[in-house]
Amino acid sequence: MPRTFQGEYVTEASKVFQEGDDLWHAGQYDDAREAYQKSAKLYDDNEDNEGEAFALNRLGELELSLDNYDRALMVLDTAAGLIKDEEHAQNTYGDTLIKLSKVFTSKGDIAKAIKMIREAQKVLDNIANYDLLGDAHDHEAFIHLTQNKEGDALEAYKKAAECYAKERIELKEASTLRAIVRIYMKNKRYDEAHDLLERCRDLYRENGDLLGEASALSAIGTLRYVIGDIGNARKALMKSVYLYGKVSHHFAEAEALLYLARVESFNKEQGDFERAKAHYKRSIELFDFLGNEVMKQAALDEYEIFVEKTGKTKEGVSCRK
């Protein structure tokens with residue numbers, strides 16, 4: 001693997017590897033490819049199979065990101081062959097198998113994709129690497145979703161969440177729980193979805209992720225609106241709007257305001273039409289500020305329908321061209 005000491009790369013091979021990462025992040029893909037190939041050669045010269053495999057693993061990931069599936073397959077297959085039987089390199093081997101599964105998934109070869117991900121799970125379970133094992137279950141879920149097998153996907157997502165929880169990799173756990181929520185919502189399992197969203201909110205808050213917390217609150221508010229719990233929908237969405245504003249995520253803030261307007265326009269008994277009007281106007285203003293004509297027009301159309309139904313005037317809204 002790339003050799004580091006106190007965060008600094010200390011061998012020529014590892015320094016070139018880092019150059020590859022920097023070039024990739026800068027969008028210089030051809031130069032990044034050359035750097036990874038050079039790094040792999042330097043590791044090979046030093047008879048460091050794991051280092052060579054690690055460099056090839058990253059090269060394969062680059063090729064996959066560029067949709068060069070045949071190149072990615074060749075490189076990753078070479079990497080896997082170098083370390084398959086090396087006990088100390090099973091973390092890298094398991095990670096390589098996950099990437100191979102992703103290549104086969106992208107190529108539409110689902111049988112091989114499943115075979116690779118099963119092998120990855122076996123390897124990673126044997127060495128108790130729950131972080132990568134969670135990633136393997138997460139990708140298995142994705143494979144099942146491409147085949148419209150929601151039940152199998154749900155079980156795989158649950159296993160992924162359990163792995164992340166074991167290692168206290170809380171942001172990955174939260175992301176996986178959100179995927180489970182989407183399936184629950186689609187199947188109207190609202191109570192279970194709500195419980196998981198509350199768990200997500202706690203995880204994001206504990207990690208100081210304001211954007212994640214705002215997103216979880218927005219989802220909670222939307223869910224509560226769907227089941228007619230207007231009071232709790234309002235509370236969640238108001239908090240979401242506040243947090244989105246705090247982190248200056250104006251698009252998400254505008255979307256949350258639009259949901260909040262729908263909550264307030266639910267009916268006269270539970271909602272507040274004046275507040276609905278204010279939320280619609282603010283949402284429209286933000287979409288206009290962002291130059292998002294599609295969302296601005298959709299919000300304005302929705303606002304005009306609300307006005308027509310309630311007999312309110314459109315005073316103060318002048319975004320329509």
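Values in this document were obtained by computation on a predicted structure and should not be read as measured data. Residue numbers count from 1 along this sequence.
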Neighbour count above 12 (heavy atom, 6.0 Å) for Met238 CE: no

Where Ala72 and Gly60 come nearest, the two heavy atoms and their spacing: CB-O, 3.6 Å

Check: Asp95 side chain, Asn91 main-chain N or O, donor-acceptor pair, under 3.5 Å: no

Check: Ser39 side chain, Ala35 main-chain N or O, donor-acceptor pair, under 3.5 Å: no

Cluster link Leu59 to Met116, ILVMFWY, side chain under 4.5 Å: yes

Side-chain heavy atoms of Asp131 within contact of Lys172, under 4.5 Å: yes

In one Ile/Leu/Val/Met/Phe/Trp/Tyr side-chain cluster, 4.5 Å: Tyr157, Met185: yes

Validation row: Leu97, Ile117 side chains within 4.5 angstrom (heavy atoms): no

Shortest non-hydrogen separation from His137 to Cys163 and the atoms involved: CD2-SG, 3.9 Å

Audit row: Glu63, Arg33, side chain to side chain contact (heavy atoms under 4.5 Å, CB included) steps and yes/no: CA-CA 8 Å; Glu63 300 293 5; Arg33 180 184 294 113; 2.6 Å; yes

Any Asn126 side-chain heavy atom under 4.5 Å of Gln90 side chain: no

Atom pair CD1 (Ile98) and NE2 (His139), whose distance is rounded to the nearest 0.5 Å: 9.0 Å

Side chains of Thr310 and Ser265 in contact at under 4.5 Å (non-hydrogen atoms): no

Atom of Leu177, atom of Ala161 and distance for their closest heavy-atom approach: CD2-CB, 4.0 Å

Euclidean distance, Glu170 CD relative to Glu206 CD, rounded to 0.5 Å: 5.5 Å

Stepwise side chain to side chain contact (heavy atoms under 4.5 Å, CB included) check, Glu285 with Arg282: CA-CA 5 Å; Glu285 289 170 0; Arg282 178 59 179 156; 3.9 Å; yes

Any Glu192 side-chain heavy atom under 4.5 Å of Leu196 side chain: no

Shortest non-hydrogen contact from Tyr259 toward Ser218: CD1-OG, 4.1 Å

Stepwise salt bridge (charged side-chain N to carboxylate O under 4.0 Å, His left out) check, Arg199 with Asp195: CA-CA 6 Å; Arg199 170 64 177 158; Asp195 289 344; over 6 Å; no

Donor-acceptor pair between Gln18 and Asp22 side chains, under 3.5 angstrom: yes

Hydrophobic cluster identity match, Leu290 and Leu257, side-chain contacts under 4.5 Å: no

Over 12 foreign heavy atoms within 6.0 Å of CG, Asp191: no

Salt bridge (charged side-chain N to carboxylate O under 4.0 Å, His left out) evaluation trace for Glu302 with Arg262: CA-CA 9 Å; Glu302 187 175 317; Arg262 292 168 184 165; 2.8 Å; yes

Test side-chain hydrogen bond (donor to acceptor under 3.5 Å, both in side chains) applied to Gln147 and Asp152, step by step: CA-CA 10 Å; Gln147 304 300 297; Asp152 291 337; over 6 Å; no

Donor on one side chain, acceptor on other, Ser215 and Arg178, under 3.5 Å: yes

Distance flag, aromatic centroids of Tyr43 and Phe17, threshold under 6.0 Å: no

Under 3.5 Å donor-acceptor, Ser175 side chain and Leu171 backbone: no

Residue pair Asn129 / Glu167, side-chain donor-acceptor N/O under 3.5 Å: no

Path from Val181 to Leu217 over hydrophobic side-chain contacts below 4.5 Å: no

Steps toward salt bridge (charged side-chain N to carboxylate O under 4.0 Å, His left out) verdict (Lys159, Glu162): CA-CA 5 Å; Lys159 290 177 182 178; Glu162 289 172 4; over 6 Å; no

Distance (rounded to the nearest 0.5 Å) between Leu76 CG and Arg58 CZ: 12.0 Å

Close aromatic pair by centroid cut-off 6.0 Å: Tyr244 and Phe251: no

Side chain to side chain contact (heavy atoms under 4.5 Å, CB included) assessment of Glu140 paired with Arg118: CA-CA 8 Å; Glu140 181 191 349; Arg118 291 273 191 264; 2.7 Å; yes

Any side-chain heavy-atom pair of His279 and Leu258 under 4.5 Å: no

More than 12 heavy atoms from other groups under 6.0 Å of NZ on Lys84: no

Exercise: identify the closest heavy-atom pair between Asn49 and Glu86: ND2-OE2, 2.8 Å

Within 6.0 Å of OH in Tyr69, more than 12 heavy atoms from elsewhere: yes

Rounded distance (nearest 0.5 Å) linking atom CG of Asp45 with atom CD of Glu52: 9.0 Å

Worked verdict on Tyr190 versus Tyr184 for ring pair (Phe, Tyr, Trp, His ring centres under 6.0 Å): CA-CA 7 Å; Tyr190 298 131; Tyr184 281 166; over 10 Å; no

Evaluation steps, side chain to side chain contact (heavy atoms under 4.5 Å, CB included), between Phe287 and Val294: CA-CA 9 Å; Phe287 284 131; Val294 173; over 6 Å; no

Within-4.5 Å side-chain heavy-atom neighbours: Gln270 and Val263: no

Audit row: Lys122, Glu119, salt bridge (charged side-chain N to carboxylate O under 4.0 Å, His left out) steps and yes/no: CA-CA 5 Å; Lys122 180 180 177 181; Glu119 181 62 24; 5.1 Å; no

Rounded distance (nearest 0.5 Å) linking atom CG of Leu132 with atom OG1 of Thr96: 10.0 Å

Mutual orientation of the aromatic rings belonging to Phe266 and Tyr225 [parallel < 30°, tilted 30-60°, perpendicular > 60°]: perpendicular

Residue pair Thr11, Ser14: steps toward the side-chain hydrogen bond (donor to acceptor under 3.5 Å, both in side chains) verdict: CA-CA 5 Å; Thr11 67; Ser14 61; 2.9 Å; yes

Qualifying residue, where the test is side-chain hydrogen bond (donor to acceptor under 3.5 Å, both in side chains) with Tyr164 and the options are Asp138, Asp135, Thr176: Asp135

Min side-chain heavy-atom separation Tyr204-Leu211 under 4.5 Å: no

Shared hydrophobic cluster, Leu56 / Val16 (ILVMFWY, side-chain heavy atoms < 4.5 Å): no

Separation between SG of Cys200 and CZ of Arg205, rounded to the nearest 0.5 Å: 13.0 Å

Glu253 and His249: side chain donor to acceptor below 3.5 Å: no

